[in-house]
Structure formats: C-alpha cells, structure tokens
Amino acid sequence: MNITRPRLRTTVPSALLAAAALLALSACSTSDDSNGREPAGSSGKTVDVRIPDPGNSGVLALGKKDGSLDKALGKVGARVKWTGSAGPFAPAAQAMNADQLDIATGSITSGITSLSQRPGFQFFTAVDPDAKGEGILVRDGSGIESVADLVGKKVAVNQGGTGEYLLLKALAKEKIPADQVERVYLRPDQTAAVFNAGQVDAWAVWATYAVAEIGSGKAHFLADGEAIGSDNYSLNAVRTGFAEQHPAVVKALYDYLHTASVKEKEDPAAYLNVFTDVGPTAVTGKAKDVQTEITATSGTVDPIGPEDIARFESVAAFYAEQKVTKEKVDVAAHLLDVEKLT
C-alpha cells in the first residue's frame, strides 16, 4: 500500500480569515446553561463542549475512556458533554446551527453542501484525503472491472456527501457523462443490506462503512480515493458562537486531536475496540487488519493551510459544475485559523 505523502502545512492567510463573518452569540452550554457566558474558567464555571459520542473506535473514543480528553480540556476550564452519536455531517451541521452541538466531524464534500445553506459553523482542522479507505465498492464476482463498466448500473451514494462526490469524480475522470449511471440516494447506515442483496451494483463510500464490506471478503474497491483523485478531506467543525466565546477551548481541543492522531497513526490497533471487542461495534478478523492498514497510511489532524484551501475550492467548483450545489460555495469564508486562537 502506498503511503500518503507528507505535506508541510502553513496557516490560513489572514485575509481569508477576515472574510469569515462570525454570527451573533448563541445560547451557551456551560454547566449552568446561562446566556452570555464568560471565557472558560474566568469565573470558576466549567464550559460544556457538546460533541457526538464517538462510539467504539478512534481518538475521541480512547479520550473518553481514559479521561485524557477531559483532562486536556480541564486545563482551560472545559469538559466534554457527549451527546447523540457520531454519524453523517449534514444532521450534525443542522444541530450546530440550532445550538444543540458544538463540535462535529465530516468531509469537505458534505461540508460544502451544508455551507450552501445557512451555516452557523466553521472548520478548524483538516485531515488529508483518505487515499485507501474510500472509493467505489463492488461485490466480488460482479463482473464490474472498471469505472466504465458502471454505465447503465445503479450505484448507492449519500446525497451531496462523500459517496456522490466519489462517483461523480470517478466518472468525470473517465469522461463518462454522469447521467449514464443511476445514482441511488441512500443513507450510508442503511446501504449495506441493499448492496449485499444485489439491489445496487456498486456503493461509493468511505472507510466507516467500507472496512466491514472489504473485511467480509466479499467486496473490494473498484477504484479507491487515490485512483479517483479524491480531494475529500476530513474536517472538524465548531459552532461559530462557541468559537467566538471560547477560542482557548477550541485551541486545546485541536492540540489534543493533533497529538492523539499522530499516536493513532503510529499504533492504529490501540484505537480500535476501545470499549468492547465483541458485538456490532467491534472491528474483528480481516476487517481489523483492513482498518489498521488504512489508519497507518492516513493523515493526521492538522491546521488548515493555503494548499488545503485550494483543494477545498476545487471541490466546491466541481460540485457547482456537477449541479450538486446551485452555485460555487465560498469555503474560505468559513475557515478558522486554529493556530492563532488563544
């Protein structure tokens, strides 16, 4: 497996950051739920940072189990309030807009479609596109051996997100008109049964769902992110009002995520099956090997630099060209320079 090439990151130009208009302060999520909250720790109050529950694997899962995340945030007068569960970015974006969530993780692709509405959030970290963990899945023995073979076929995608992007990007690379392949819009957590029953011919998806299918030994990537030429970054978003009121908390969270992501890359197995190694949330057998290999070659959580912004903008332009969005979304207007937060 090829290792993703390292890239030097620089900070976001101040001119771009100045374009990010901060919204009015929203209702706070401190422990006393009062409005107009003061900076974290300034008056002895503890700020609750609302983050979706991370489940059984990953940096946040381990940070939840061993208490290291709360310890890191405690230094700036904050703590985590786990709420709901991690999932697609679109509903998480809506929750941030409604002041029901402070932090969420998603892809630049789903982020752009959410930004095309009335966003109340900003992106503050970036992880390089997943060259090996995302792509277009086909069942072994399907007879589909190239992207061109998808013509006239049904492909499951999540609308406006990673799946739709990967399919459209793959077709564009092969100069195949998008309307020659039928897109079947499904929620990713409902697609596995449809895919395995043969009701769709392929599934454009990312590692969260692809690992289990590949690990079953019954499916493989027709084309992965590297072959497709994907610019699909993973990003962390913060509710705009929260970032404005508690920049030190956002900075502390970034520091934790960056350090932990470096450790996860070095020892992927330590971040799998954090709470249990049995049951539906456990990664076992070949799937565990697949996930470990993907994580070992993936990127780390880093600040957003100019080179990242250029690739974000290329995705936004592609989405407008493909009519996924009505017009090109100005991604740069919704970015936060985490290195300048204090």
Side-chain angles (χ1 to χ4, degrees), residues 1-2 4 57 87-88 107 109-110 129-232 234 272 280-298 315 318-319 322-324:
M1 179 173 293
N2 294 328
T4 303
S57 297
S107 64
T109 48
S110 57
D130 191 354
K132 296 300 180 184
E134 64 179 12
I136 300 174
L137 278 176
V138 294
R139 293 181 299 280
D140 292 353
S142 68
I144 301 174
E145 299 179 355
S146 69
V147 173
D149 292 337
L150 294 175
V151 172
K153 300 292 196 299
K154 296 179 179 180
V155 182
V157 302
N158 59 312
Q159 188 170 13
T162 293
E164 187 161 29
Y165 169 78
L166 291 171
L167 175 60
L168 292 174
K169 188 77 172 177
L171 295 176
K173 185 175 182 180
E174 298 299 322
K175 297 180 172 53
I176 299 171
D179 61 5
Q180 291 190 13
V181 176
E182 182 179 348
R183 278 168 272 174
V184 179
Y185 293 124
L186 293 170
R187 279 175 37 185
D189 60 348
Q190 297 177 335
T191 306
V194 176
F195 173 71
N196 288 306
Q199 294 175 290
V200 293
D201 301 290
W203 181 9
V205 69
W206 61 100
T208 301
Y209 303 96
V211 166
E213 301 306 318
I214 296 172
S216 72
K218 298 178 181 180
H220 63 277
F221 277 138
L222 173 69
D224 60 18
E226 183 177 34
I228 291 169
S230 172
D231 283 321
N232 187 36
S234 176
L272 290 176
T281 64
V283 184
T284 59
K286 183 181 176 182
K288 187 174 182 179
D289 295 334
V290 172
Q291 182 63 73
T292 298
E293 189 173 6
I294 289 172
T295 302
T297 61
S298 65
V315 177
F318 181 73
Y319 260 24
Q322 296 289 325
K323 302 188 186 311
V324 176

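The analysis underlying the following values was restricted to heavy atoms, covering all of them including side chains, and did not include hydrogens, waters or symmetry mates. Everything numeric in this text was worked out from a predicted model, so none of it was measured.
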Within-4.5 Å side-chain heavy-atom neighbours: [X] and [Y]:
| X | Y | result |
| --- | --- | --- |
| V155 | W203 | no |
| L150 | D201 | no |
| D149 | K153 | no |
| L167 | I136 | yes |
| L137 | I214 | yes |
| V184 | F195 | no |

Contact summary for [X] and [Y], nearest pair of heavy atoms:
| X | Y | value |
| --- | --- | --- |
| G133 | I294 | CA-CD1, 3.6 Å |
| A156 | V200 | CB-CG2, 4.1 Å |
| N232 | S107 | OD1-CB, 3.2 Å |
| Q322 | A178 | OE1-CB, 4.1 Å |
| E226 | K132 | OE1-NZ, 2.8 Å |
| L222 | I144 | CD1-O, 3.8 Å |

Using 0.5 Å steps for rounding, measure from the [atom1] atom of [X] to the [atom2] atom of [Y].
| X | Y | atom1 | atom2 | value |
| --- | --- | --- | --- | --- |
| L272 | T292 | CG | OG1 | 5.0 Å |
| E293 | T295 | CD | OG1 | 10.0 Å |
| T284 | D289 | OG1 | CG | 10.0 Å |
| N196 | T191 | CG | OG1 | 10.5 Å |

Do side-chain atoms of [X] reach the backbone of [Y] as a donor and acceptor pair under 3.5 angstrom?
| X | Y | answer |
| --- | --- | --- |
| T109 | T162 | yes |
| S216 | E213 | yes |
| D224 | G135 | no |
| K173 | A227 | yes |

Should we count NZ of K154 as having more than 12 external heavy atoms under 6.0 Å?
no
Considering only NZ, NE, NH1 and NH2 on the basic side and carboxylate oxygens on the acidic side, decide whether R183 and E164 come within less than 4.0 Å.
yes
Taking the inter-plane angle between the rings of F318 and Y165 on a 0 to 90° scale, is it parallel (under 30°), tilted (30 to 60°) or perpendicular (over 60°)?
perpendicular
For N158 and W206, run side chain to side chain contact (heavy atoms under 4.5 Å, CB included): C-alpha distance rounded to whole Å, both residues' side-chain angles, the deciding distance at 0.1 Å, then the answer.
CA-CA 11 Å; N158 59 312; W206 61 100; 3.6 Å; yes
Check: E134/S230 side-chain N/O donor and acceptor closer than 3.5 Å
yes
